[in-house]
Every structure is written in structure tokens, then in C-alpha cells.
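See below for the structure under consideration.
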2 protein chains.
Amino acid sequence: MPKDRTPTRIQKKNRAAIMDAALEVFSAQGFRGATVDEIASLSGLSKPNLLYYFASKEAIYLALLERQLDTWLAPLHDLDPDGEPLEQLLGYVRRKLEMSRDFPRESRLFAHEIIQGAPRIGPVLSRDLKALVDEKAAVIRGWIAAGRIAPVHPHHLIFSIWSLTQHYADFDVQVRAVLGQEDPFEAAPDYLDTLFTRLLTP
Amino acid sequence: MPKDRTPTRIQKKNRAAIMDAALEVFSAQGFRGATVDEIASLSGLSKPNLLYYFASKEAIYLALLERQLDTWLAPLHDLDPDGEPLEQLLGYVRRKLEMSRDFPRESRLFAHEIIQGAPRIGPVLSRDLKALVDEKAAVIRGWIAAGRIAPVHPHHLIFSIWSLTQHYADFDVQVRAVLGQEDPFEAAPDYLDTLFTRLLTP
DNA sequence: TTTTGATTTGACCAGTTGGTCAAAGCGACG
DNA sequence: CGTCGCTTTGACCAACTGGTCAAATCAAAA
């Protein structure tokens, strides 16, 4: 196991390669479906060499989840209480949809974890995620009270943004199967824009 | 292996027990995460006995998917071209949401399959599901042309119904973690009703 | 060049997995 | 009761899994 101080150039490179390969495999197969061998070969390392950088399969998985979590929640974090309400919310939707298009693996990684009952990040959800959502829900409630957007249940509004946008990443295969030739991300932005505009315009 | 003709009372009972146990396990763990041992013990049979009724783990999984598929698509099938458009669509939403509440395991079973790239029901999606959706999309397009609902992209409308309703089954843990005490299915029906009413009212 | 620590590997291990098989048990019908 | 086909099981297996370890190799500072 490499020491904790000042990672080598090689350490950085190999850790990055492992994380990327792990994202590929875990997001496609879930935790139990993924194998260390597959991650190792995809990252160009032997299995013992991979386990020289990460203590265990679970350690890789946890490192991945942790690394992606902040990135994943950033758009919600950026929701500005002092901004124009509809503009803020539509911007949030747009950014989440872009993330589904540009980072579908990250989306599916979380999807797997949560569908299985969030056995490894459950506590984080009930603590950090809940706190963040509650905070933003309060902002939305304020906007509603001020008559700046139409009245809706704030929490469910956020759920609907998550589900509508992440659907295009998590269920990509289904969406494309049903659409045939058409690119999902051609019409989706306008559709969601329209949906939330009609929902939220007072 | 039991013969194909006229299943015994015992065959019926055991097959049913296996299917139910398999639904429990597959929906929680996905295909690769599930083990035959777990399904066997949950259904009260020994592993060799289970494999006397189903040729393989995959055979159980496929039988499950096939059995649930019709049930799963029934609500969309029932969308009546001759009904009142908004009423039909809101009814579809309501029924899908009830299914998420009453049959979350079935929802998660499909979710697992599709997130992993639908390796086993991909063809069914591109053929049967696509055909059904295209048919109903045409109905919706007709309603829009007649000015009976507001203009929206029909396919994406259907995607949004799927994602919004199934989210409450597939991501149940997250939803409950964020909501805390509150029951998701208390406010969800009204929320979705409002959302689609505002979206679709001309 | 030598040394020292970082890096890599082949061989190996114990536990789990899906699946097999011959033999034993059971139930209904004559 | 006896028989015959359905049902159940214990013992077993080969492949795979996550993980270990001692030894070999490599890189860079001295």
C-alpha cells in the first residue's frame, strides 16, 4: 500500500486509471455485478497491482461515490435564492439534463446504489442530502409565498427534476429503443423547459 | 425436469413460490447480484429442487420478466383514443403511480434490467414497446392537432410519465430519506395531477 | 553506481457460485 | 399392497471471486 504523503506521478496516474475503469464497470454492472478482475484489466493493471492502490473492491467503490457526490449535487447547491425564480429552476433543470447527457455513467452509478437500497450511502442521504434539499425547499416555498412562482410541493418539485432529467441517463437504452433514430437530447431540453414553465408560471 | 403437460398441484405451488422469491431477490440485487441459493431458501426449497423446476438462474429471470411485462404495460395499453384526453392521461399517470406504490419490486426489476443496458429484453423494447408507444404517441398527436390538449412532444410526454411515477418505486429509499417522516404517496398524486394538468391544459 | 523505497507480478488460497447426478422418498392410482 | 412417475436431496464439481504474499523489478536520489 502506498504511503499517504505526496502521491507519486505514477500513483496519480494509476489511481486515476483505476477510478475511471471502476466507474465504467460499476455503473454498468452495479457493485455485486462488477469484478475486480474486470476493473483491473480495463485499467491496464494486474489484479494484485490494483489492490496495491486500493485496499479492496469496496474501497474503490466508496472512493468513487464520494468523489462524484459533490459534483453531482453542485447544480442544486448553486440554486440562487436571490435569483429570478423561474430562471433559477429552469437553469437547474437544464444543467441536470446536460449532466445526464455528458456523464451518464455517474448517473447510473448512483442509480444502482439507490435502487439497491443505498446500503453504502444511505446515511449520507438522510443527513447531507436531506439537509441540502430541505434548505432549497425552503427557498422555493419562499418564492411561492411571494407569488413569484405557482404553488407546488417543493420536495416533490425537486424529485420531479431529478427523475425527469436522470431518466435520460439511467434508462438511456429504453429511451433510444423507443425513439428509434431520433436523438433523445434533441427534443428533451425544450420539452422539459416547456413542462416546468407551464408548471411554475403563476 | 417436470413434463410440459397439465402441471401438478405441487408444480403450481412450487413454481409460484419460486417466482415470488425470485422477484424479491432479483428486484433487490439485480441479475448478477442475486444467487440461486438465496432464491431457493427464500422459496423454501433446496437448490437442486429449485433447479428441478427451472433449468437455470437465467430461466427464472426470463420467466419473471416475461410474466410481468404485460401487467406492466397494461395501463398504457388501456389509454383510450376515444376518451377525454386529459382525463385519459391523468388516469394513466394515476395508475402508474399506484403501481409504483403497490408493486415496487416489479418496477425495480425492470429498472435493474434497463440500467444495465437491457441485455435480456433489449429486442422486446425495440420491437413491442416501441410499437405500443408509437401507437399511443399517434393518439396524443391527434389530440394535440384537434386542440384538445396543449402541444407537447408525445414520446417525451410518455417518458416523463414513466420517469415521474417509477421514481417513487425505484428510488424509494432516497425519496424517503429526503422526506423524513412524510409518506411520499401522500402528496405525490396531487403533485403529479397538478403537473400534468398545467402541462396539458390548452 | 549503489541504495532505497516504490511498483509489479506469478503463484496461491479459501469461499462462493451455478449447476449436476445418482439415489432416495413420496403419492396416487391400479 | 405394489408400482410407477413425480419430487426431493446430499454429495459433488469446475469455474470464478476477492484477496494475500514473497519475491522480483523498477526509478530516482545519493
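Everything quoted here is computed from the prediction, not taken from an experiment. Below, read A as the first sequence line, B as the second, and so on, with proteins coming before strands; counting in each chain starts at 1.
Rounding to the nearest 0.5 Å places CG of B:D128 at 9.0 Å from CG of B:L132. If you take CG on B:L89 and CZ on B:F196, they are separated by 8.5 Å, rounding to the nearest 0.5 Å.
For B:S160, the side chain to side chain donor-acceptor pair (under 3.5 Å) criterion is met by A:Y191, not counting sequence neighbours. Scored by the side chain to side chain donor-acceptor pair (under 3.5 Å) test, B:W162 finds B:Y92 as partners (sequence neighbours excluded).
Between B:Y52 and D:dT8 there is no side-chain polar atom (N or O) within less than 4.0 angstrom of OP1 or OP2. One finds a side-chain N or O of A:N14 lying less than 4.0 angstrom from the OP1 or OP2 phosphate oxygen of C:dT8. Residue A:Q11 has no polar side-chain atom (N or O) positioned under 4.0 Å from OP1 or OP2 of C:dA6. OP1 or OP2 of C:dT9 has at least one side-chain nitrogen or oxygen of A:N49 nearer than 4.0 Å.
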Residues 135-143 of chain B, side-chain donor-acceptor partners within the protein, below 3.5 Å, at least two apart:
residue : atom : partner : partner atom : Å
B:K136  : NZ   : B:H77   : O            : 3.2
B:K136  : NZ   : B:L79   : O            : 2.9
B:W143  : NE1  : B:P81   : O            : 3.3

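Note on ring orientation: taking the six-membered ring where Trp is involved, the planes of A:H156 and A:H153 are perpendicular (angle over 60°, cut-offs 30° and 60°). Using cut-offs of 30° and 60° on the angle between ring planes, the pair B:F26 and B:Y61 is perpendicular.
The stretch residues 25-48 of chain A comes close to DNA chain C through A:R32, A:S46, A:P48, each having a heavy atom under 4.0 Å from the strand.
Projected onto DNA chain C by closest heavy-atom contact, A:K13 and B:K57 fall at different nucleotides, the more 5' of which corresponds to A:K13.
A ring pair (Phe, Tyr, Trp, His ring centres under 6.0 Å) check over residues 32-51 of chain A, counting only residues at least two apart or in different chains, returns nothing.
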Expected rows: protein N/O vs nucleotides 25-29 of chain C N/O, under 3.5 Å:
residue : atom : partner : partner atom : Å
C:dA28  : OP1  : B:R9    : NH2          : 3.1

